[in-house]
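Some notes on the structure that comes next.
Count residues from 1 along the sequence.
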Amino acid sequence: MSKPQHFHFVLLFSTVVVALAAIANANAATSITPRFKEAPSFYNSPDCPLIIDENHGFSILFSDQAVHVAMTLDTAYIRGTVAAILSILQHSSCPQNIAFHFVASADASLLRATISSSFPHLNFLVYPFYDSSVSRLISTSIRSALDCPLNYARSYLANLLPSCVHRVVYLDSDLVLIDDIAKLASTPLGDNSVLAAPEYCNANFTSYFTSTFWSNTYFSLTFANRKACYFNTGVMVIDLDRWREGDYTTKIEEWMEVQKRMRIYELGSLPPFLLVFAGNIVPVDHRWNQHGLGGDNFIGLCRDLHHGPVSLLHWSGKGKPWARLDANRPCPLDALWEPYDLLQPKTPFALDS
């Protein structure tokens, strides 16, 4: 074979290999991404305001009048995210006035297509989140699932979302709402607070940090003059303007750098939030985070609801309702999540009527 012929043969062979690899990757991505039914359409009630932005025309995504919701998006939790979106829309008085902001670290185009397919009329944007943004700061924790870089994306919302978005409700993907999210989004933050969340002051706050932390006088003084209580970062109302002004992303990263050197806590992204904000947040009624429904590290442990009214059910913890339902070992409260599951063909959609 002459040199030119050999060159063209190698080039053709390389092209075929690349094409086959691309097809294989696409098929692999498709195989690990579940398929979902299309959700019904949801419309505003007659008294909902018509949102018109002078700079962008009819654009909910950039309007200060919209309810802005931020969530992470990945293949592992996409089923929970889809259920959460459906629950938010179904219980909202003004679903067309909700703007969703999804932060994705991988397979962004595929995940975007999945959301579009299930919710053709949804107002949403997807923002890429690169693992390198935070991976150098992550320390190993007691659960490997907590070490995923995307778990730390909530610390970077002020950097990722447009500056015209002033307030956002951050939600985890393992929850459903059974109340109007506009009520949560309108939580007053007062004159100085950066965020609001349900507090749990009966929890043993000291257990979230190691003896290395508490034995260090400089570190333990962090909570001086602060009534520091545990709060779950899976449900937060955040003033992004105040966050940006206070450069709170940097403050969280500084504590993560300390953790890399001295091991001052065992959990993942929660302790840095507590170090920066505990005792300085606006408390929200507990109805907005009935958390812990996923149990803890004990397999098969089921939890009951806390006393009081319920607006949001949160399967925080190791057990997720979709996994327990698939394994035919559901907890009683998983039945409250199942009606929002759009997975097909296994799970029937119970809200068609």
Side-chain angles (χ1 to χ4, degrees), residues 32-37 39 67-92 98-108 110-119 122 124-129 131 143-157 160-161 168-178 181 184 197-198 232-238 268-270 273 288-295 311-326 333-334 336-343 347:
I32 64 173
T33 304
R35 297 180 61 193
F36 300 95
K37 294 181 180 180
V67 172
H68 293 275
V69 179
M71 304 179 72
T72 56
L73 202 59
D74 66 353
T75 53
Y77 282 82
I78 184 66
R79 189 171 171 186
T81 304
V82 168
I85 296 169
L86 177 59
S87 73
I88 293 169
L89 295 174
Q90 186 190 3
H91 294 284
S92 172
I98 302 176
F100 287 86
H101 303 266
F102 298 113
V103 181
S105 62
D107 301 317
L110 184 63
L111 293 167
R112 183 186 293 108
T114 300
I115 297 298
S116 295
S117 176
S118 294
F119 303 97
L122 195 70
F124 77 95
L125 290 172
V126 176
Y127 307 82
F129 184 74
D131 292 356
R143 281 174 53 200
S144 59
L146 300 176
D147 300 338
C148 173
L150 196 60
N151 285 340
Y152 294 81
R154 70 197 83 191
S155 302
Y156 296 87
L157 293 176
L160 294 168
L161 272 58
V168 70
V169 178
Y170 174 81
L171 298 174
D172 275 349
S173 296
D174 52 356
L175 53 78
V176 295
L177 275 78
I178 54 174
I181 195 171
L184 177 60
N232 182 283
T233 55
V235 179
M236 298 185 290
V237 181
I238 305 173
S269 60
L270 170 64
F273 260 86
W288 288 105
N289 196 353
Q290 284 270 348
H291 70 291
L293 304 185
S311 292
L312 184 151
L313 298 155
H314 189 184
W315 279 262
S316 58
K318 189 173 183 180
K320 302 306 173 189
W322 55 88
R324 295 193 294 224
L325 286 164
D326 287 351
L333 291 177
D334 295 343
L336 300 177
W337 180 89
E338 189 174 14
Y340 303 100
D341 185 15
L342 290 179
L343 183 72
T347 307

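Minimum heavy-atom separation, Ser316 to Gly292: OG-N, 2.7 Å. Looking at every heavy atom in both residues, Val235 comes nearest to Pro198 through O-CD, 4.0 Å. Contact detail for Met71 and Ala84: the closest heavy-atom pair is CE-CB, 3.7 Å. Val82 and Phe119 make their closest contact through O-CZ, 3.6 Å (heavy atoms, listed as atom of the first residue, atom of the second, distance). Scanning both residues, Asn151 and Ser269, for their nearest heavy atoms gives O-OG, 3.5 Å.
Qualifying side-chain contact (heavy atoms from CB on, under 4.5 Å) partners for Leu160, counting only residues two or more places apart in sequence or in other chains: Val103, Phe129, Tyr156. Residues that satisfy the side-chain hydrogen bond (donor to acceptor under 3.5 Å, both in side chains) test with Ser92, not counting sequence neighbours, are absent from this structure. Scanning for ring pair (Phe, Tyr, Trp, His ring centres under 6.0 Å) contacts around Tyr127 gives His101, with sequence neighbours left out. Residues satisfying the side-chain hydrogen bond (donor to acceptor under 3.5 Å, both in side chains) criterion with Asp334, sequence neighbours excluded, are Trp315, Arg324. The ring pair (Phe, Tyr, Trp, His ring centres under 6.0 Å) test applied to His314 returns no partner, not counting sequence neighbours. Not counting sequence neighbours, the partners of Thr233 by the side-chain contact (heavy atoms from CB on, under 4.5 Å) test are Arg154, Phe231, Met236, Leu270, Phe273. The ring pair (Phe, Tyr, Trp, His ring centres under 6.0 Å) test applied to Phe102 returns Phe100, Phe124, not counting sequence neighbours. With sequence neighbours excluded, the residues that form a side-chain contact (heavy atoms from CB on, under 4.5 Å) with Ala104 are Leu73, Ala108, Leu111, Val126. With sequence neighbours left out, the side-chain hydrogen bond (donor to acceptor under 3.5 Å, both in side chains) criterion links Ser87 to no other residue. Legend: residues meeting ring pair (Phe, Tyr, Trp, His ring centres under 6.0 Å) with Tyr170, ordered by chain and number and at least two apart, are absent.
A distance of 4.5 Å separates CG of Asn232 from CG of Asn289, quoted to the nearest 0.5 Å. In this structure, the separation between CG on Leu293 and NZ on Lys320 is 9.5 Å, given to the nearest 0.5 Å. To the nearest 0.5 angstrom, Leu184 atom CG is 7.0 Å from Leu171 atom CG. Atom CG of Asp131 sits about 8.0 Å away from atom CG of Leu150, to the nearest 0.5 Å. Taking OG of Ser311 as the start and CD1 of Ile181 as the end, the distance is 11.0 Å to the nearest 0.5 Å. Here CD1 of Ile85 is found 8.0 Å from OG of Ser118. Values are rounded to the nearest 0.5 Å.
Residue Leu312 forms a side chain to side chain contact (heavy atoms under 4.5 Å, CB included) with just one option from Leu175, Ile88, Ile178, and that option is Leu175.
Looking at Ile115 and Leu122, their side chains come closer than 4.5 Å, going by heavy atoms from C-beta outward. Pro321 is not listed as a side-chain neighbour of Glu338, based on a closest heavy-atom distance of 4.5 Å or more.
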Q) Could you walk me through whether Tyr77 and Thr72 pass the side-chain contact (heavy atoms from CB on, under 4.5 Å) check? A) CA-CA 9 Å; Tyr77 282 82; Thr72 56; over 6 Å; no
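Aromatic ring pairs are classed by plane angle as parallel below 30°, tilted from 30° to 60° and perpendicular above 60°; the pair Trp337 and Trp322 is tilted.
Asp172 contributes no side-chain N or O that, together with a main-chain N or O of Asp174, makes up a donor-acceptor pair within less than 3.5 Å.
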